[in-house]
Structure formats: structure tokens, C-alpha cells
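In what follows, every chain begins at residue 1, and chains take the letters A, B, ... in the order their sequences are listed.
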2 protein chains.
Amino acid sequence: MKSLRVAMLGCGVVGSEVAARILGHGEELAARIGAPLELAAVAVRDASKARPGVPSELLTTDAAAAIEGADIVIELIGGIEPARELILSALRSGASVVTANKALLASHYGELMKAADAAEVRLEHEAAVAGAIPIIRPVGNSLAGDRITRVMGIVNGTTNYILDQMDSEGWDFDTALRTAQELGYAEADPTADLGGHDAAAKAAILASIAFHTPVTIDDVSVEGITEVSADMVETARAQGFTIKLLAICEELSDSPEGPGVSARVYPALLPREHVLASVGGAFNAVFIEAEAAGELMFYGQGAGGAPTSSAVLGDVVSVARRKVLGGRGQYERRLTTRLPVLPISAITTRYQITLDVFDRPGVLSRIAEVFAEEGVSIELVQQTQIEDEPAGTPQRAKLVIATHAGIDAALRRTVDRLAELEAVNALSSVLRIEGH
Amino acid sequence: MKSLRVAMLGCGVVGSEVAARILGHGEELAARIGAPLELAAVAVRDASKARPGVPSELLTTDAAAAIEGADIVIELIGGIEPARELILSALRSGASVVTANKALLASHYGELMKAADAAEVRLEHEAAVAGAIPIIRPVGNSLAGDRITRVMGIVNGTTNYILDQMDSEGWDFDTALRTAQELGYAEADPTADLGGHDAAAKAAILASIAFHTPVTIDDVSVEGITEVSADMVETARAQGFTIKLLAICEELSDSPEGPGVSARVYPALLPREHVLASVGGAFNAVFIEAEAAGELMFYGQGAGGAPTSSAVLGDVVSVARRKVLGGRGQYERRLTTRLPVLPISAITTRYQITLDVFDRPGVLSRIAEVFAEEGVSIELVQQTQIEDEPAGTPQRAKLVIATHAGIDAALRRTVDRLAELEAVNALSSVLRIEGH
């Protein structure tokens with residue numbers, strides 16, 4: 001059997017692992033595929049730099065030339081350009097492409113899939129969301145006969161590690177971040193992770209596949225975890241919650257703006273008994289609700305060279321096998337509908353609002369009035385005296401209010417109006433409650 | 001676009017849901033597939049019995065005729081014959097087949113796959129293991145570029161419900177079983193579930209796919225949960241364990257009998273902090289360890305009409321899409337190796353042995369001697385006085401001994417020898433410890 005030529009673009013942490021497995025497990029992979037894989041070229045920026053385990057004669061700085069004649073192209077450069085151009089050119093030349101590039105997929109999913117379809121080849125990207133966890137295939141293929149209503153994921157290991165340490169060790173945010181950086185769980189510039197942008201890219205991809213409709217990162221409403229304090233985590237714990245950065249994708253049949261989908265990322269309160277609550281450390285997990293299947297969860301390592309290489313190689317075996325058997329196909333993972341993407345104001349959720357109020361008669365009734373006027377129903381109020389005040393200053397209280405489910409816009413308006421009340425000294429925190 | 005003719009064999013709880021979704025979600029499914037599905041015939045034993053939602057003109061008692069001219073056959077009859085003959089005849093006629101038949105796959109996987117390959121059509125069976133949870137595709141396809149070393153699953157909802165209730169409510173076995181039957185989680189004749197045979201069929205299928213080697217139900221070593229007592233559950237809880245019925249598939253590179261695979265089902269002690277330990281009620285979960293991916297877990301509903309129909313329809317969409325695009329394929333899920341299946345005596349595991357002993361000087365040393373002679377290392381011994389003895393009878397003690405990892409044959413021999421010691425009044429229980 002003729003071997004299949006594989007070109008790899010990029011050779012960092014993931015690429016080295018992928019190359020090592022192709023070169024070191026050749027016989028096993030060939031048996032599964034029905035043909036041997038030949039790693040023909042590895043395009044890198046600096047070909048003089050040694051890549052352990054990768055024969056230097058495979059290295060080239062000419063990515064375009066590396067693609068030529070390849071049956072399969074593995075794109076591990078990341079970022080939008082030149083990755084996009086290289087993938088499009090590979091697809092057009094008849095190569096199937098495997099990519100881990102979440103930024104690119106979150107902005108150009110439709111374009112890339114169309115190009116793959118037109119060329120009758122495949123574009124696979126299991127590694128782009130939640131690392132080693134098989135999630136693209138289950139969502140896009142296994143559940144293609146069902147109707148997914150909601151996807152809720154912990155898809156960023158850095159922020160999950162930080163929040164988990166704050167919860168389990170009582171650390172403040174800065175200590176947790178510093179430790180994450182020391183352990184290699186956070187990058188030197190952690191902005192994309194902490195700000196929720198990495199999770200947002202994954203939310204866009206998950207929403208596109210789950211609802212068969214184009215959703216880009218620009219459609220995703222994003223809040224990061226930089227405002228989460230040790231005090232908020234402690235309060236959450238005392239009330240039976242844990243704070244997790246969640247990527248949520250939902251199909252809403254009715255919202256104030258009509259039917260559509262929502263994709264959003266924010267730190268939320270999750271009941272400690274929810275299956276996602278026990279996802280600790282840098283692990284990832286994706287929780288899915290589907291009409292027929294009910295509740296599903298997928299759990300595993302979301303990042304790292306070896307885990308990500310597992311997802312990349314699964315895709316490589318899959319597209320290679322397809323090359324051997326003939327026939328084309330993007331399968332069931334197609335954007336067959338075009339649903340509007342709803343703004344976050346249109347979603348239904350619950351708020352937990354923590355206020356620092358002046359402890360005077362009539363305060364609670366004034367606050368309750370605001371809720372009533374906005375049509376927001378209160379589920380629970382917990383009031384505790386704020387101690388340690390300097391003598392002579394007015395007595396204050398901490399008020400934690402959990403709402404019933406309501407439209408986000410009304411909840412938001414309620415919060416804005418509360419902040420302006422004279423009786424309210426400060427708005428300490430606002431968190432959404434999910435998983436109830 | 002020409003519609004695809006679907007024939008369904010069997011129309012029970014799952015079949016009714018499948019039919020309802022094909023008939024009720026036609027447009028959505030057609031968009032994903034690229035062609036409409038036409039439910040052309042439903043073969044049943046008694047065509048006069050009304051099937052809510054299924055037009056009576058589709059019903060027939062002639063399964064062979066129903067298959068004729070079908071593009072896709074959904075087999076939901078269960079059991080070996082006539083299911084096997086019907087599937088083989090459907091495959092030979094060029095139809096792709098979707099089945100949920102675990103008994104058949106656990107005994108004839110190789111034969112059926114070979115027939116599908118020869119006919120250049122597909123045989124899919126996501127619903128046969130762990131109901132709604134996408135597990136066949138992740139194990140067989142997503143991880144095809146990796147090397148799975150171990151699969152550990154809670155794959156029987158009935159036994160998990162019973163063990164979970166015994167653990168969380170302190171019920172005895174009979175009360176838990178009776179409640180399971182009242183709630184419909186256990187059948188009137190629960191033998192196949194309680195005896196571990198249902199789980200064993202799933203273990204055979206999982207092992208075949210995970211290790212690309214034929215494993216049948218006859219290769220699986222099986223112990224059920226009928227011996228699990230309230231006392232054992234209570235002791236386990238006190239020591240930080242929970243008892244779960246586990247289906248374990250392992251590839252062993254070295255064992256006393258050389259390299260090979262092991263597939264087995266038994267109730268085992270699992271540390272309460274293990275991710276599988278929190279799988280409650282009738283839920284299923286499969287925990288996977290792979291060389292590159294590390295630890296993964298898949299969680300969801302393992303049975304029931306709607307959940308199982310989700311898995312069946314995912315397969316239907318997949319094979320239908322393949323019919324539309326052309327090309328054949330069993331993909332990566334092939335039996336490319338032929339590893340020996342090892343007997344349970346060759347596996348490495350840990351035992352927890354509970355003894356009722358006469359509390360006399362020298363007893364512990366006599367017991368420790370047996371372990372030493374068999375080369376089994378003790379990790380922990382816990383001794384408690386047995387109270388409430390009638391006056392005049394010798395004082396007794398309960399001895400709980402946890403071993404370090406050892407070869408099962410040696411552990412077994414140790415237990416047999418302990419039971420014969422004069423100082424041992426009774427062997428109260430022997431459980432394996434997993435997940436450490």
C-alpha cells in the first residue's frame with residue numbers, strides 16, 4: 001500500500017509530540033489506517049533550531065512548499081495568518097487538513113468548512129476545543145440525530161486551576177495566578193486566559209457545531225475572572241456554591257428578541273453537587289443537555305503537548321483512513337441553519353447580588369421595591385452585620401440576594417438601580433448562578 | 001435529493017422513540033444528512049398491537065421483506081438469532097446497519113464487522129454500550145491515534161442504582177433491589193444485571209474496540225453484586241471507599257502469562273475521590289486512560305428509550321450521510337491485532353480481605369506469615385473487637401487487610417490459605433481495590 005504523505009506546519013510542544021508518535025508508532029498507526037504515514041516535511045520558522053526527535057532533513061522554512069504533494073496537512077502554527085491561507089491552499093490542493101487552531105476556527109469556521117466541502121476533502125479540529133477530550137465528534141456526529149439544547153463547559157485550564165486553588169486552598173487571586181505561572185499552567189502574559197478570550201473562542205466553535213449555525217468569537221459575550229476575589233469565593237463556598245469560568249452555548253426558543261442561540265463566557269456560581277463542580281485543577285469538562293440523550297459530561301485534560309497530540313492524531317488517523325477508503329465528507333458537522341445570535345441581555349439566568357448597605361430601618365423594603373418594579377423575583381436574602389467598623393461610622397450590613405430566573409436585561413437594570421440607592425454603600429459583587 | 005429508505009426491526013421502548021424522531025424531526029435530520037429519511041417499514045412480532053406514533057401501514061411481521069430495498073436497517077430486536085441472520089442479510093444486500101444489540105456484538109463482533117467490510121457498508125452500534133453516552137466513536141475513532149491502556153466503566157445502571165442507594169441511604173441489598181424494580185430501574189428478572197452479565201457484554205465490546213483485538217463475552221471474567229452486603233458497603237464507606245460494579249479492560253505488556261488484554265467485571269472498592277465514585281443513581285460513566293491523552297471520562301444516561309434513541313439516531317445520521325456522499329468505510333474501528341485474552345489470575349490488582357478471627361496471641365503473626373509466603377505485601381491492617389458475643393464463647397476480632405498490588409493468582413491463593421487457618425473463624429469478604 002502506498003504511504004500517505006503528511007506535512008506538519010509548526011513544531012512546538014504539540015508538534016513535537018505528534019511527530020514523535022508518527023515516527024515512533026508507525027506500524028500501529030499503519031495497521032489502523034490501512035497504509036503507512038510518511039512524515040514528509042515539518043515547516044518551522046527557524047530550521048536551524050534542533051527539534052528533539054525530528055530528523056533535521058524534514059525541517060523547512062517554506063510552508064507553502066511543504067504542503068505541495070501532501071495528502072494530509074497538520075496545522076499547528078496558530079493565529080489567523082498565515083495559518084488561514086496555508087489551510088485554504090492545502091484544502092484546494094486536495095489535502096485533508098487537521099488543525100488545533102481555535103482562534104482561526106472561531107473566526108473563519110464557515111469559510112474553512114466551505115473550502116473543504118468544495119474540495120471534497122476533510123478538515124478536522126478535535127484538538128481545538130478541550131485538548132485531549134473527544135468533544136467535536138461527540139457533539140457534531142454522535143449527537144447529530146438529537147437536538148442539543150445547552151452546552152456548558154470548563155474549557156480553560158488556567159482559569160480553572162486558579163479558581164480551584166482559591167476555592168480549595170483559600171488563596172487570593174494573585175497567589176493563585178503566580179503559582180499557576182510557576183507550574184506552567186499560565187503563560188507569562190495570561191491576558192487571553194484570564195480575560196475569558198480563550199474560552200470564548202472555544203464557545204464559538206462549540207456553538208457552531210452544536211447548533212449547526214455559524215457563531216464567531218465576536219458573537220460571544222465575555223467576562224473574565226480578574227474581578228473574582230477571595231471573599232467572593234469564600235461567600236460562594238459558605239452557600240454551597242463554587243465559582244467556575246463557564247462557556248455556555250444555548251439554543252433559546254423564546255427570548256425577548258425571539259428565538260436564537262446564545263454563546264457567552266463568565267465566572268458563575270455553580271452548586272457544589274453539580275457534576276461540573278468537581279472538575280478540579282487544570283482539567284477541562286464539557287456538560288451537554290440534549291433533548292433525547294439528557295445530560296452528558298466529557299472530562300479530561302484540556303491542554304499540554306501529549307494530550308493535545310492525542311486529539312490531533314485521532315483526526316490524522318481518521319482523515320488518513322478516509323483517504324485509503326476513498327469517498328469524501330464533512331459528515332454531519334455542517335452549518336445547516338442560520339440562527340440569530342442573541343445578545344446576553346436576552347438570556348434567562350439567575351443573579352447573586354452582594355451589597356454593602358447602611359443598616360437602617362426600611363432598607364430591605366426599599367431594595368425589594370426595586371426588584372418588584374423590575375419584575376425580578378427574589379429567591380433568598382441573607383443579611384449579616386459588618387463588624388470592625390470604626391466607632392462613629394454608621395452601622396453597615398452585607399446583603400446577599402439570590403434571584404429566581406429572569407431575563408438578563410431586567411436583572412442588569414435591577415443591579416444598576418440598586419447601585420444608585422442611597423442606602424447602598426457599595427455593590428460588592430454580581431455573579432450569575434448556573435447549573436440549577 | 002432521493003430519500004433514503006429506513007427499515008426498523010423491533011419497535012419497543014427504544015424503537016418507538018427512534019420512529020417518533022425520524023417522523024417528527026424529518027426536516028432537521030434531512031438538512032444534516034443532505035437527503036430525507038423515509039421510514040419505510042417497521043418489523044414487529046405482532047403487527048396488530050398499536051404502536052403509538054407509528055402509522056399502522058408501516059408495521060409488518062416479515063422482517064426479511066422489510067430489509068429488502070432498504071438503504072439503512074436499524075436492528076432493535078436484541079438477542080443472537082434472528083438478529084444476527086437479519087443483520088448479515090441486510091449488510092450483504094448493501095444496506096448499512098445500526099444496532100443496539102450488545103449480546104450479539106459481544107459474541108459475534110468480528111464476524112459482523114467482516115461482513116460489513118466485505119459489503120463495503122457500515123455497521124454502527126453506539127447504543128450498545130452506555131446508552132446515550134458517545135463512547136464507541138471516542139474510543140474507536142477519536143483515540144485511534146493514541147494507545148488506550150485501560151478502560152474502567154460503570155456500564156450497568158441497575159447495579160449502580162442499587163449500590164448507590166446502599167451507600168447513600170444505608171439500605172440493604174434486598175430493599176435497594178425492590179426499590180429499583182418499583183422505579184423501573186431493574187427488570188422483573190434482574191439476573192443478567194445483578195450477575196454482571198450485561199456489564200460483561202459491554203466489557204467485551206469496549207475491549208475489542210479499545211485494543212483493536214477480538215474479545216467476546218466468554219473471555220470476560222464476571223462477578224456480580226449479589227454478595228455485596230450492607231456491612232461491606234458500610235465498612236468501605238468508613239475507609240474512604242465506595243463499592244462500584246466495574247467493567248475493566250486493560251492491556252498488559254507483562255503478566256505471568258505474557259502480554260495480552262484482560263476484560264473483567266466485578267464489584268470493587270473505589271476511593272471516594274475518584275471521578276467515577278461520584279457517578280450516582282442509574283447513570284453510567286466510562287473512565288479511560290490513554291498514553292498521550294491521559295485520563296478521560298464520559299458520563300451520561302446508560303439506558304432508557306429516549307437516551308438510547310439519541311445514540312441510535314446519531315449512527316443513523318452518520319451512515320445516511322455516508323450514503324449521500326458515497327464511499328464506504330468501517331474507519332478506524334478495526335480488529336487489526338490479535339492479542340491473547342488473559343485469565344483474571346494473571347492481572348495485577350489489590351485485595352481488601354475482611355476476616356473474622358479468634359482474638360488470641362500470635363494470630364496476626366500467623367496471618368502475616370501466609371502473606372509473606374505467597375509474596376503478597378500488606379499495606380494496611382485494621383483490627384476491631386467483635387462485641388456482643390455470648391458469654392463463654394471465645395473473644396473474636398474483625399480484621400480488615402488491604403494489600404499492595406499483586407498478581408491475582410497469588411492474592412487468591414493467600415485468601416484460600418487464610419480461610420483454612422485455625423485462627424480464622426470466617427472469611428467475611430474479599431473485594432478488589434481499583435482506581436488507586
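You'll find the side chain of B:R147 reaches within 4.5 Å of the side chain of A:H25, heavy atoms only. Side-chain contact between A:H212 and B:E28 is absent, with no heavy-atom pair separated by less than 4.5 Å. The closest side-chain heavy-atom distance from B:S142 to A:I136 is not below 4.5 Å.
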Open item on the list: What verdict does the side-chain contact (heavy atoms from CB on, under 4.5 Å) test give for B:D146 and A:R21, after you've listed the backbone C-alpha separation in whole Å, the side-chain angles of each residue and the deciding distance to 0.1 Å?
Closed with: CA-CA 8 Å; B:D146 202 339; A:R21 291 194 82 84; 3.6 Å; yes

_side-chain contact (heavy atoms from CB on, under 4.5 Å) between A:Q301 and B:E295, intermediate numbers included_ = CA-CA 7 Å; A:Q301 293 186 64; B:E295 298 182 350; 5.5 Å; no

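Heavy-atom pairs under 4.5 Å with chain B peak, among A:G131, A:S309, A:P138, at A:P138. Chosen from B:A132, B:A285, B:G280, B:P134, the residue pairing most often with chain A at heavy-atom distances under 4.5 Å is B:P134. Your options are A:L313, A:L296, A:V316, and the one with the most heavy-atom pairs under 4.5 Å with chain B is A:L296. With chain B as partner, the option from A:A292, A:A311, A:A320 having the largest number of non-hydrogen pairs under 4.5 angstrom is A:A292.
Considering every non-hydrogen atom in both B:V317 and A:G145, the closest pair reads CG2-CA, 3.7 Å. When all heavy atoms are compared, the tightest approach of B:S310 to A:A293 is OG-CB, 3.4 Å.
Put simply, CG on A:L325 and CZ on B:R322 are 8.5 Å apart, with the number rounded to the nearest 0.5 Å. Of the inter-residue distances, the one linking A:Y299 atom OH with B:L276 atom CG reads 10.0 Å to the nearest 0.5 angstrom. In this structure, CZ in A:R137 is found 10.0 Å from OG in B:S318, a value given to the nearest 0.5 Å.
With a 4.5 Å cut-off on non-hydrogen atoms, B:I133 touches chain A through its backbone and its side chain both. Heavy atoms closer than 4.5 Å to chain A are found in the side chain of B:E126, but not in its backbone. Heavy-atom distances place no part of B:V286 under 4.5 Å from chain A, backbone and side chain included. Of the atoms belonging to A:V275, it is side-chain heavy atoms, and not backbone ones, that fall under 4.5 Å from chain B. Heavy atoms closer than 4.5 Å to chain A are found nowhere in B:F287, neither backbone nor side chain.
For CD of B:E27, the number of neighbouring non-hydrogen atoms (other residues, nucleotides, ligands) closer than 6.0 Å is 12 at most.
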